[in-house]
Protein chains: 2
Amino acid sequence: MLSTDKGSISLYMQIKELLVARIGRGDWLPGDAIPSEIQLAQDLGVSQGTVRKAITELVEKNVLTRKQGRGTFVSTHDQERALFHFFHIAADDGQKALPQSSVLHLRRKAASRAEAAKLHLPGGSRVINIERIRRFDERPTILENIVLPAELFEGLGLDGEGNLPNTLYELYQREYGITIHRASECLKAVGASEREATLLEVAPGAALLQIERIALTLEDTPVELRTSRCNTAHHFYENTIF
Amino acid sequence: MLSTDKGSISLYMQIKELLVARIGRGDWLPGDAIPSEIQLAQDLGVSQGTVRKAITELVEKNVLTRKQGRGTFVSTHDQERALFHFFHIAADDGQKALPQSSVLHLRRKAASRAEAAKLHLPGGSRVINIERIRRFDERPTILENIVLPAELFEGLGLDGEGNLPNTLYELYQREYGITIHRASECLKAVGASEREATLLEVAPGAALLQIERIALTLEDTPVELRTSRCNTAHHFYENTIF
DNA sequence: AAGTGGTCTAGACCACGTA
DNA sequence: ACGTGGTCTAGACCACTTG
């Protein structure tokens, strides 16, 4: 099981990988408690400190959550996490709230070459394409275009298009067992097209903030492409550099 | 020195604060080695593991850098750090390089009300204002407007305006003992003014990416305001969410 | 009271860099 | 050879949550 050979990687690293593998395999679902540190230490034949070090690094990566006196749990995608971890738009007064979403269309299609490449799919794979508009206080502010591998999200949206929840990442996790752990975003300033201008109620050519996100699972598999175009007249994208 | 009372915070936290205080005070300068873990443990009357835990958290915060077999050092602002930690603009082909900078003007003035508030200065304090343009391959791409408290950066730029290095954070650290540890950025898309359009060689009203940064020291004191307006026709702002 | 994570110790041995 | 950080152990006690 665990290797203590001279050339092998450290025990706590092996334990980390083992835990990640078991979570990825679904042994423990988001929200479940994993065995206690002492229990794991006995099972694996190492000391508690070694298990603890492995768990500590997974807590730092947001994979696990410790609760003193209760146990260690697989992290979930609650509203909190969606809001503070993956949603970076705030109002000019500093207030942060999730906007209301309404779906403009939801359809299946063949992936474009660029989409297939970014999602690591074979050329011509089927994808689900969602376009939705997000409003703060009734004011349309963000236009989102989302692309998902159809294979991974089978049946999504087939029960009526408008039935999607506001926080999609909760849905991915609950219904499809897919947990988004990382994302990389590319931001540009672009001019609004005629259609975008109409939908976002701005002048054609007005400056919009474009955010291209690739969302990844724990194993770094890309599973969602999301392009947002955002009217930043009364909102901004915030980023903290540590 | 260290308190082991019941109500007090944990030993390793106290050690962390002590180390931060000594670094802030200049006991060890950036690039210096701090005493070894064993040495510190003896001095403080705790075990190596406790010192180690304190140091580990400071390494994660980029305050210290460990080098196996050599020691633990106060982090420095080398080019690497400037490039990968605080500079988030990359070319469309993914290449990342620091642009060349040229100063448009450097002057002293009274802080505006907003500037004073953001820098936590008393109203009407003197500030240094730098405007510079940054070019990738001769193409003007970023217009930067920088505001610094004059008190902290005495004498900056008085030896000829154009003499500033490309990576200012290195200068702040080397010449003024000020190390930038954190920054918070607010991004918007804005239309180019006439002047900006001329300088950046774009059409007036063209969409520019505006980045407002507040840079902070280890003690979370704001010491620099930087507003960048960036032509994102061939570049983008990248952000990774963990 | 029992079980969990959180802190801390004292010591062992390994891997690495320097002299 | 020596000193540094890096890993690991076995055990202690504390703080918190739950039955």
Side-chain angles (χ1 to χ4, degrees), chain A residues 1-20 22-23 28 30-76, chain B residues 1-20 22-23 28 30-76:
Chain A
M1 185 110 128
L2 298 186
S3 159
T4 49
D5 297 354
K6 253 197 0 190
S8 64
I9 59 169
S10 54
L11 279 177
Y12 81 90
M13 282 289 193
Q14 294 179 54
I15 294 171
K16 240 174 74 174
E17 287 173 8
L18 188 147
L19 291 173
V20 166
R22 294 189 64 175
I23 293 167
W28 307 301
D32 286 357
I34 68 169
S36 74
E37 296 177 355
I38 292 174
Q39 186 63 49
L40 283 169
Q42 284 176 359
D43 293 354
L44 300 172
V46 299
S47 78
Q48 186 195 349
T50 304
V51 170
R52 187 164 177 78
K53 181 156 184 179
I55 290 177
T56 297
E57 299 207 350
L58 293 176
V59 168
E60 278 162 8
K61 280 175 67 181
N62 259 314
V63 177
L64 296 174
T65 305
R66 283 198 176 112
K67 295 184 182 167
Q68 180 166 160
R70 297 191 49 209
T72 304
F73 302 81
V74 180
S75 300
T76 59
Chain B
M1 187 114 121
L2 299 185
S3 158
T4 51
D5 297 354
K6 255 197 0 190
S8 64
I9 59 169
S10 53
L11 278 178
Y12 80 90
M13 283 289 193
Q14 295 178 54
I15 295 171
K16 242 174 72 177
E17 288 173 8
L18 189 148
L19 291 174
V20 166
R22 293 190 64 176
I23 294 168
W28 306 303
D32 285 358
I34 67 170
S36 75
E37 297 177 354
I38 291 174
Q39 186 62 50
L40 283 170
Q42 284 175 358
D43 293 354
L44 300 171
V46 299
S47 78
Q48 185 195 351
T50 303
V51 170
R52 188 166 175 75
K53 180 155 185 180
I55 290 178
T56 298
E57 300 206 350
L58 293 177
V59 168
E60 280 161 7
K61 280 174 68 179
N62 260 313
V63 176
L64 296 173
T65 305
R66 282 199 178 109
K67 295 185 182 166
Q68 182 167 156
R70 298 191 47 211
T72 304
F73 302 81
V74 180
S75 301
T76 59

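Just so it is clear: chains get the letters A, B, ... in the order the sequence lines come, proteins before strands, and each one is counted from 1. Only a predicted model underlies this, so the values are computations on that prediction, with no experimental measurement involved.
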Whole-Å gap separating P (D:dT17) and CZ (A:F73):
12 Å
Over all strands shown, is B:I55 touching base, sugar-phosphate only, or nothing at heavy-atom distances under 4.0 angstrom?
nothing
B:Q48 has an atom CD; how far is it from atom C1' of C:dC14, in whole Å?
13 Å
Between CD on residue A:Q48 and CD1 on residue A:I55, distance to nearest 0.5 Å
9.0 Å
Taking NZ from B:K16 and P from C:dG6, how many angstroms apart are they, rounded to a whole number?
15 Å
Ignoring backbone atoms, test whether B:R70 places a side-chain nitrogen or oxygen under 4.0 Å from the OP1 or OP2 oxygen of D:dG5.
no
Give a yes/no answer on whether the side chain of A:Y12 brings an N or O atom under 4.0 Å of OP1 or OP2 in D:dC8.
no
Phosphate contact (C:dG5 OP1 or OP2) by A:T72 side-chain N/O below 4.0 Å
yes
Would you please confirm or rule out a distance under 4.0 Å between OP1 or OP2 of D:dG6 and any side-chain N or O of B:R66?
yes
Value for NZ (B:K67) from CZ (B:R70), rounded to nearest 0.5 Å, stands at 5.0 Å
Value in whole Å for how far the P atom of C:dG3 lies from NZ of A:K67:
21 Å
With heavy-atom distances below 4.5 Å as the criterion, would you say the side chains of A:T50 and A:L44 are in contact?
no
Integer-rounded Å distance: D:dT4 P and B:L40 CG
10 Å
Does B:S36 make a side-chain N or O approach to OP1 or OP2 of D:dT4 shorter than 4.0 Å?
yes
Rounded to whole Å, please give me the gap between CD in A:Q42 and P in D:dT9.
13 Å
Do any side-chain nitrogens or oxygens of B:K53 fall under 4.0 Å of OP1 or OP2 in C:dT7?
yes
5' precedence on DNA chain D between A:G69 and A:V46 (nearest-nucleotide basis):
A:V46
Of the candidate nucleotides D:dC8, D:dG6, C:dT7, which contains the atom at the shortest distance from the side chain of A:R52?
C:dT7
Can a side chain N or O of B:T50 be found less than 4.0 Å away from OP1 or OP2 on C:dT9?
yes
What is the distance, rounded to the nearest whole Å, between atom CG of A:L44 and atom C1' of D:dT9?
15 Å
Polar side chain donor-acceptor pair, A:S47 to A:R52, under 3.5 angstrom:
no
Without decimals, in angstroms, what is the distance between A:I38 CD1 and D:dC13 P?
15 Å
Side chains of A:I38 and A:Q42: closer than 4.5 Å at any heavy-atom pair?
yes
Report which part of the nucleic acid B:E37 touches: base, sugar-phosphate, or nothing (heavy-atom distance under 4.0 Å, all strands).
sugar-phosphate
Is B:S47 near enough to C:dA10 that one of its side-chain N or O atoms lies under 4.0 angstrom from OP1 or OP2?
no
